[in-house]
S.K.: 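Sending over a structure as structure tokens; questions will come in a sec.
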Amino acid sequence: MYGNAYIDPDQTPNKLTQDEDPARLAEFEARIEGGDKIEPKDWMPKEYRKQLIRMIEQHAHSEIIGALPEGTWITRAPGFRRKLALMAKVQDEVGHAQLLYSAAETLGKSREEMINDLISGKSKYSNVFNYPAETWADTAIISWLIDAGAIVNQLANSKGSYGPYCRALERICVEESFHLKYGHDNVVFLATGTKTQREMVQDALIRWWKPVMHFFGPSDNISVHTKTLMKWKVKMASNDEMRQTFLNMYVPKIWDLGLVIPDPNLKKNESTGLWEYTEPDWEEFKRVINGDGPCNKERLAVRKYAEEKGRWVRKALLRKDAEYVTPLV
Amino acid sequence: MNISEKGFEAIKDLLYKMADDQLIIGHRNSEWTGLGPVLEEDIAFSSMAQDKLGHSQALYDVLSQMGEGDPDTIAFMRNAEQFHCCHLVEYPIGEYEFSLMRHFFFDNAELLRFEMLADSSFEPLSFIAKKIKGEIKYHSMHADIWISQLGSASEESKIRMQNALNETFPLALGVFEKGIFEDVLKSEGIFEGEDVLKERWMSAVSQIIEKAGLKLPEVNSITPSLGGRRGKHTEYLQPLLDEMTEVFRIDPSAEW
């Protein structure tokens, strides 16, 4: 599950295509315009490759880090039905990471390099996973609303231009839609359950509303840079567009369950058709994305621990004559 | 064959110990989620954990049909001394080599156990065993491949695997601890017994261990870790159960 790639607003637009052969660039852009998919061995602008690696890598990291907050509840899930479902759900997320690392590898960066960049803090992952899942109800809210947000984003991106990423996303979306059903079912049981259960899920919604609103990222700076990435179908929809789609689909469902969303200004403007809401605290978003969230250190420490603990296994598997092979996706 | 009243008591005892083993090993294996040495192993351990949980649920279901509580209540509302699992499954996941060696010893035993139970005189058990053995076959294949790979891959892996083997072997022998109804199980054709199972298991695992370049300790020199089948457990089981039931016990009558 994943929100949107965080694009560096300081990058100057002319850098995107400088040094590129204008004829090849025109041909490349015409292919995308015509709806063609770009495949690993095709010519592509350097910046297209770079942006895609960054984006797919961030997505893969988000899956693997995203397995942690929910994963800690597998051992506490109440009853066989929930325990089995949560195990399968988190396993799917790890599977998505595997699929996405493979898609990114087709662009020339190895999985090991990407994971090293994750651990060193060089590459980012979705901000929401820097918040804790405090109770069982938090896992229900995450599975429902964060996965719902991820589907909005990933469905858009699956219409993008890079073949291996699109194919991975199509498969991921099918699995995410099961997660959403599981999450919704879980929230329904809590919201219609005992007083304690109802309180648990309401508290979880209050805790998670901020990360949910942060999920798609701040309003896009509509720069030439963003326009080029949209023209190349690397970025498919603006952050605000996706946030609106999400609110439109899920706010009524949340209200239907009798849950209160902690934003008194949240309402649909019937004349514009758009949702109005209290502007999320983007300063906090930036602070958290840059490492100062409630769980950043813990998440990376766990990942680092797993990598270091498992290193001997990976080393033992390497044959001396083994060559690096890019996966086929 | 008609099963006597005593036979049904024996079947319940057998079902409890098997279901408890599956539940606890499944729970332990699920703790690798997000922590595996490679993503593919993370996914594999999770798949096996899900199978184990499903197996325990199926066995608890048979118990329910025999008049015991529903599977959730049986699994989530008993204390450690009411569990009949073996010590092997109770230990924390430890290092990967420990979990792998436990998986190897345990699943080879379980494959053979369910193969034997496929011929049980108790039809509900033979029915389930036929299904479960087909799934466990893949678990033991997974373990066998890894033991063969890591047993001789590098100096470090060889040492780690041998140490893990030495550590888990006494625990693994505890899998075959007899319950109080062992004779009834045999005489009524329900289960051929732990001695037969242990003998087949020794033959299966020793071949793979030898091929992997590892060494099995002399079995007579080892004191098996016993007690689990009679409710005497390691210090690890009760904390595991406390964690597992933390949410369920908030309100056991609620629907979760």
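Here is the naming used below: chain letters follow the sequence lines, and residue numbers restart at 1 for every chain. Bear in mind that the values here come from a model prediction, so they are computed numbers and not experimental data.
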S.K.: For chain A, which candidate among B:Asp251, B:Asp72, B:Leu150 shows the most heavy-atom pairs at distances under 4.5 Å?
M.R.: B:Asp72
S.K.: If you tally heavy-atom pairs under 4.5 Å against chain A, which of B:Ser47, B:Ala75, B:Gly26 wins?
M.R.: B:Ser47
S.K.: Please check this pair: side chain of B:Asp42 against backbone of A:Val94, looking for a donor-acceptor N/O pair closer than 3.5 Å.
M.R.: no
S.K.: Can a side-chain donor-acceptor contact be found between A:Thr75 and B:Glu31 if the only test is distance below 3.5 angstrom?
M.R.: no
S.K.: Using a 4.5 angstrom heavy-atom cutoff, name the option from A:Glu308, A:Arg81, A:Gln197 with the most pairs to chain B.
M.R.: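 Most heavy-atom pairs under 4.5 Å with chain B: A:Gln197.
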S.K.: Could you tell me the separation between the OG atom of B:Ser154 and the NZ atom of A:Lys315, rounded to the nearest 0.5 Å?
M.R.: 8.0 Å
S.K.: Taking every heavy-atom pair that is under 4.5 Å apart, which of B:Ala49, B:Ser46, B:Ser157, B:Ala254 has the most such pairs with chain A?
M.R.: B:Ser46
S.K.: Considering only heavy atoms and a distance below 4.5 Å, find which of B:Arg160, B:Arg249, B:Lys158, B:Glu40 pairs most often with chain A.
M.R.: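 Answer, by heavy-atom pair count under 4.5 Å with chain A: B:Arg160.
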S.K.: Does B:Glu156 come within less than 4.0 Å of A:Arg314, counting only side-chain N to carboxylate O?
M.R.: no
S.K.: Just so I understand: if I count every heavy-atom pair under 4.5 Å between each of A:Arg111, A:Arg311, A:Arg303 and chain B, which residue has the most?
M.R.: A:Arg111
S.K.: Is B:Glu246 in contact with chain A via its backbone, its side chain, both, or neither, using a 4.5 Å heavy-atom distance?
M.R.: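 Just its side chain gets close to chain A.
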S.K.: Taking side chain as everything from C-beta outward and backbone as N, CA, C, O, which of these in A:Ala140 sits under 4.5 Å from a heavy atom of chain B? Side chain, backbone, both or neither.
M.R.: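 For A:Ala140, no heavy atom lies under 4.5 Å from chain B.
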S.K.: Against chain A, label B:Gln149 side chain, backbone, both or neither, depending on which of its atoms sit under 4.5 Å from a heavy atom there.
M.R.: side chain
S.K.: Within the side chain of A:Arg76, is there an N or O that forms a donor-acceptor pair under 3.5 Å with the backbone of B:Thr245?
M.R.: no
S.K.: With a 4.5 angstrom heavy-atom cut-off, which part of A:Leu84 approaches chain B: side chain, backbone, both or neither?
M.R.: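 Looking at A:Leu84, backbone and side chain both touch chain B.
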S.K.: Sort A:Asn186 into side chain, backbone, both or neither according to what part of it lies under 4.5 angstrom from a heavy atom of chain B.
M.R.: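 For A:Asn186, the side chain is the part near chain B, not the backbone.
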S.K.: Please determine which of A:Val90, A:Leu68, A:Leu86 meets the side chain to side chain contact (heavy atoms under 4.5 Å, CB included) test together with B:Thr33.
M.R.: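 Of the listed options, the one satisfying the test is A:Val90.
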